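This report refers to the structure that appears directly beneath it.
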Amino acid sequence: MTALRRVLRAPGLIVLVVAIQLVVALILGSGVRAAVGASLVPYSLATDGHLLGATFELFGDHPGLPVGFRQVAVGSSAIALVLWILLAAPVIHRLRSKTPAARLAALAFSQLPAIGVTTLWHLALRIVLLAALGLLTAPLLDHGAWGLLGVAATAVALAISTCALDLARCHVVLHGARGFHYSTALRAYREAVRRPAVLVPSMLLSFGQWTCVAGAVAVAMVMAGAGGTIWLVRGLAVLGVVLGLTRVAVAVEAGFDRTGRG
Amino acid sequence: MFEGLGSRARLVAPVLLALLAACAPTPDPPSIPEPTSALRPAPDRGPVPADARIADYELEARLDAEAHRIEGSARLTWRNTTSRTVDSLPFHLYMNGFRAEDTAWMATSRGNHRRSAQSEEGAWGFIDVTAVRLEESAALRVAGGVEGPAVETVELVWSEDAEPSTMTVDLPRPVGPGESVTVQLDFTTQLPRVFARTGFFEDFHAAGQWYPKIGVLEEEAGWQAHAFSLFDEFYADFGNYRVMLDVPEDMIVGATGIRTVEEVSEGRKRLTYEAEMVHDFAWMADPDFVELLAEHNGVRIRQLIQPERVADGEIHLDTQIAALDIYESRYGPYPWSTITIVHPPAGAEGAGGMEYPTLFTTGDRAAIPGWLRASVFDERMSGVVVTIHEFGHQYFQGMLASREHLEPWLDEGINTTSNVLAATDVLGEDPWISRFLTQKLYLRDFLRSAIRGRATVEPIDRPARAFESVVGNYGSTIYSRTAAVMMTLRNLAGTEAYDRAFRVYCDTWRFRHPRGDDLEQTLVAELGDRINLAPAGGEAVELDVREYLEQALRTTRQVDFRVERITNRRRLGETGWRRGAGGKLEGGDPPADLETPARELADDGVDGVVVVHRAGAFEVPVEMRVEFADGGVERLIWDGRDRIEVFEWPGRRVERATLDPDHKLLLEWRRLDNTAVTASVYDEEGDGLSRPLGDLAEALSLALMGSFGP
Ligand SMILES: [Zn+2]
């Protein structure tokens, strides 16, 4: 079964993940919309393209507004971090096979400690990897287009790291690997680079997902104020979710290939 | 995997860098000879009045690059061109500002200048004058009735003043009107580690304010030699300089004027420089400098740049060439034959962004890779703006040598205005200065954001020392607000008329010491006392130029207008009781549509009303653009005198009113309340900002959740 088929056979999962993201973002975004609107009423901007200038003036008059933006960023990151540690086990189980919702909910909590610790070990390794890479590629930034190489290397490292995280979580959730031991996180890195059949699709899906999320911000900037912008933004986010779930499904499939059982 | 990737990358990076170095084109420096005269040929250099030549210096300096110390001597010939008689000579000893914690400079700066700070290594700088002698000229001796050889010297008595950045030399006999005097001074200058314009960093040496410099004798006020404090810059008379520098052989040197002699022997290099009609002499030396030469309209442009920044040379050169053309056409011919642009090395940023005659230091362009500039983020400010600004000082300080310590706005502020104009000349009206994806921040937005907050709390026209560094409003008040004042006047008076008037100021005060009054009087004389801003045929609405400048320069009044209200109310009808032909009351029909909301009435059944409010104390005329439901657009000018003005259009429904629609009032930094729409338009269009910002917040939230997500 392909990874994408696994995802598409779990429409409830897609709807759940998409709904959580859209609702959280809508609540946070509406807060900003309302606060900005209340600060401006009854004035209307004829910004003739001077959106940044008007924004800086508004932020200068109402210093609480940029703080609101920061809260959106911090809040979304925190919610995402907690949510995806909590959801990792049920998502992986559901992508493996159809499982009753109650059982998934129970799994979310019973496997939370192991998933949480594996994730922390993984993040520690990721930080070491990225820091080392940063030191190596920083000199390239001063050399024009060669700097792109550094950025590309960082993206590749991140994608490998993401694949390793998916694998580590699958091992913990599906195959009883020791979540509390750093070796599980470390072995997942080794497995990722040794199994190109898993790594390559996982990386491509990561790149696609990041393109979607970066694209969502870019669209909001480039098409600022145009009607329908927000729907394009949301569309990209939904696509990103589907790509992300498919990436997790790639790691789930990898477990089948290795263990031969489901 | 980490190990594997790491070791491979460790191999790859140096190889890439080596390849890069091999591919980079080696600059082939064009050989452009040193000019033979410090001034351009007569037809090109514009008027250079001979009577402006007052203080000639012959300087000798030997640099000990290890101790960062200069052993120097000066021979100054000073002419008294006033009707005063003087019996002493005041000298600036600027370097003594860095001598101790309690000097005026250190006390006002607390060892900080812009973003650089004093450091423990090389903490102090000073200048120690060891001898002052008077040359007895033949003329003086004959006047005194004494026989003797042609030139002999007399030891003079001198003493540092209580604030050691100045000293006074007593003369044995007074110097009267038309007379001159020649004195010799021996001195030792210790350079501090550079954090404020002058000093050393490793092998780089920036020698500015390094020799004893005579004050300026003014006709009314007498000697002017101010104690050196944080925001005080430099004020001096013009003259010719001949300077002999003795430096280690490996030093590459840049200096004011032209190099006339270069001799190398015994590990030392002896260079002679000559400069004409300048009021200062600075030199910089660094063995690492790479020299980039160019020529434009007969002016030799020499950049001394650090090897790792050579690639930036081109953009600085292009900027310099554009600036030279613009300044010559706007403000008159550039008189000198050289421009030397010094790029201080990393670590010596404190030396950057400083003007000296024919030589200035610039700043580095932000190290944003080209691909990033082309895609996500670009800016047009870093580095090149410093080059434009410091070149601008060749005019507004170098030639129009105003009293910067007393009227800093006339120097820094007018120069900043000229920089803004240069930017619009090159980049077009309303240029952007930074860009994120497709969203741009424009120069006018930047200027407006610079003149709010602390920039509003003190008047512009005050001496430099009246500004306390701890308030943090010197730059924004003097540079940015002055520029906004002048650009606003230019927009109101008409760009051509203003540019003509300003050119008269430049032509009149070349090689002089203009004052703020001189500029103001020139503007009033050339633009007229009062300028009618109303369109032909309309009722006059006048801008009082003198009053404008008074408010702008010497008060803290702010320009701020707002549309207080925009609405439509039911049009006045004609129903009710009226006296008929026989004197009887007739009619009495109820008014039509009395209970219909105004927004539901026909467009010609309402009177459009706009209430404008002068929220700031600054009185200046302002334009208003009004849009009507019938598609019509009207513009009108309000004199801005009263606090509130009500405008009404019978039988026309207004929809939108915009104050200052053409952004003429750059001084008005609060603009969000300048456009208002009626409630029905608001319901339809929104405010224009809450949607894009809300969308962005939502996108940001989705992006972050997606990044951390499954
Ligand atoms: Zn300046």
Side-chain angles (χ1 to χ4, degrees), chain A residues 17 21 24-26 28-29 32-33 36-37 40 42-47 50-54 56-58 60 69 72-73 76-77 80-81 84 91 129 132 136 139 141-148 189-190 193 209 213 216-218 220-222 224-225 229-230 233 237 240-241 244-245 248, chain B residues 1-2 4-6 9-10 13 16-17 20 308 367 369-372 436-442 444-445 448-449 452-453 563 656 658 669-673 675-677 679 681-682 685-710:
Chain A
V17 175
Q21 288 207 4
V24 169
L26 179 67
L28 295 174
V32 169
R33 249 177 233 112
V36 171
L40 275 171
Y43 296 102
S44 156
L45 293 183
T47 53
H50 289 235
L51 199 64
L52 280 184
F56 287 151
E57 187 187 334
L58 183 72
F69 259 90
V72 167
S76 305
S77 305
L81 213 60
W84 299 126
V91 164
L129 173 67
L136 276 169
L141 280 176
D142 290 340
H143 293 83
W146 292 95
L148 271 174
Y189 270 98
R190 198 181 308 146
V193 289
Q209 187 189 4
V213 296
V217 177
M221 292 280 300
V222 172
T229 301
I230 195 60
V233 166
V241 167
L245 287 173
V248 177
Chain B
M1 185 215 85
F2 165 72
L5 182 71
R10 225 171 268 137
L16 283 178
L17 290 178
L20 229 99
E308 67 276 14
W371 56 270
L372 202 58
F436 187 72
L437 291 174
T438 53
Q439 296 298 336
K440 291 165 182 163
L441 185 70
Y442 292 83
R444 75 174 188 222
D445 302 323
R448 284 199 169 115
S449 70
R452 56 184 294 159
V563 181
R656 184 190 314 269
T658 303
W669 47 266
R670 181 172 279 136
R671 294 276 314 188
L672 293 177
D673 53 10
T675 300
V677 291
V681 175
Y682 191 86
E685 294 184 0
D687 55 46
L689 203 51
S690 56
R691 183 156 76 183
L693 291 183
D695 288 359
L696 183 63
E698 200 172 325
L700 188 69
S701 170
L702 285 169
L704 287 166
M705 282 192 288
S707 306
F708 289 111

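The chains referred to below are lettered A, B, ... by the order of the sequence lines, with proteins before strands, and numbering in each begins at 1. Predicted model, so just to flag it, every value in this text is computed and none were measured.
- The structure places CG of B:Leu702 at 9.5 Å from CG of A:Leu28, a figure rounded to the nearest 0.5 Å.
- Every residue meeting the ring-ring contact (aromatic ring centres under 6.0 Å, His included) condition with B:Tyr442, not counting sequence neighbours, appears here in chain and number order: A:His50.
- Checked against side chain to side chain donor-acceptor pair (under 3.5 Å), B:Ser449 has no partners two or more places apart in sequence or in another chain.
- Summarising the geometry of B:Ala699 relative to A:Val217, their closest heavy-atom pair is O-CG2, 3.9 Å, with the distance given to 0.1 Å.
- For the residue pair A:Val213 and B:Ser707, the shortest heavy atom distance occurs at CG2-OG, 3.8 Å.
- Rounding to the nearest 0.5 Å places CG of B:Leu441 at 5.5 Å from CZ of A:Phe56.
- Most heavy-atom pairs under 4.5 Å with chain A, from the set B:Ala679, B:Gly453, B:Ala676: that is B:Ala676.
- To the nearest 0.5 Å, atoms CD (A:Gln21) and OG (B:Ser701) are separated by 8.0 Å.
- Looking at A:Ala237, the atoms closer than 4.5 Å to chain B (heavy atoms on both sides) all sit in the side chain, from C-beta outward.
- A donor-acceptor pair under 3.5 Å is formed between the side chain of A:Tyr43 and the backbone N or O of B:Val563.
- Screening B:Thr438, B:Asp695, B:Leu696 for a side-chain contact (heavy atoms from CB on, under 4.5 Å) involving A:Met221 leaves a single residue, B:Leu696.
- The pair A:Arg33-B:Glu698 meets the salt-bridge criterion, since a charged nitrogen lies less than 4.0 angstrom from a carboxylate oxygen.
- Of the possible donor and acceptor atoms, none in the side chain of B:Gln439 sits under 3.5 Å from a partner among the backbone N and O of A:Leu51.
- How far CD of A:Glu57 is from CZ of B:Arg448: 8.0 Å, rounded to the nearest 0.5 Å.
- Residues A:Leu58 and B:Leu689 are in side-chain contact: their nearest non-hydrogen atoms beyond the backbone lie under 4.5 Å apart.
- Considering only heavy-atom pairs separated by less than 4.5 Å from chain A, the leading option among B:Leu700, B:Leu437, B:Asp445 is B:Asp445.
- Proximity to chain A is limited to the side chain of B:Arg452, based on heavy atoms less than 4.5 angstrom apart.
- When side chains are defined from C-beta on, B:Thr675 does not count as touching A:Leu45, because their heavy atoms never get closer than 4.5 Å.
- The minimum heavy-atom distance between A:Gly37 and B:Asp687, with the atom names listed, is CA-OD2, 3.4 Å.
- Taking OG of A:Ser44 as the start and CG of B:Asp673 as the end, the distance is 12.5 Å to the nearest 0.5 Å.
- Separation of atoms CD1 (A:Ile230) and CZ (B:Arg691) is listed at 10.0 Å; rounding is to 0.5 Å.
- Of the listed residues A:Ser76, A:Gly29, A:Gly60, the one with more heavy-atom pairs under 4.5 angstrom with chain B than any other is A:Ser76.
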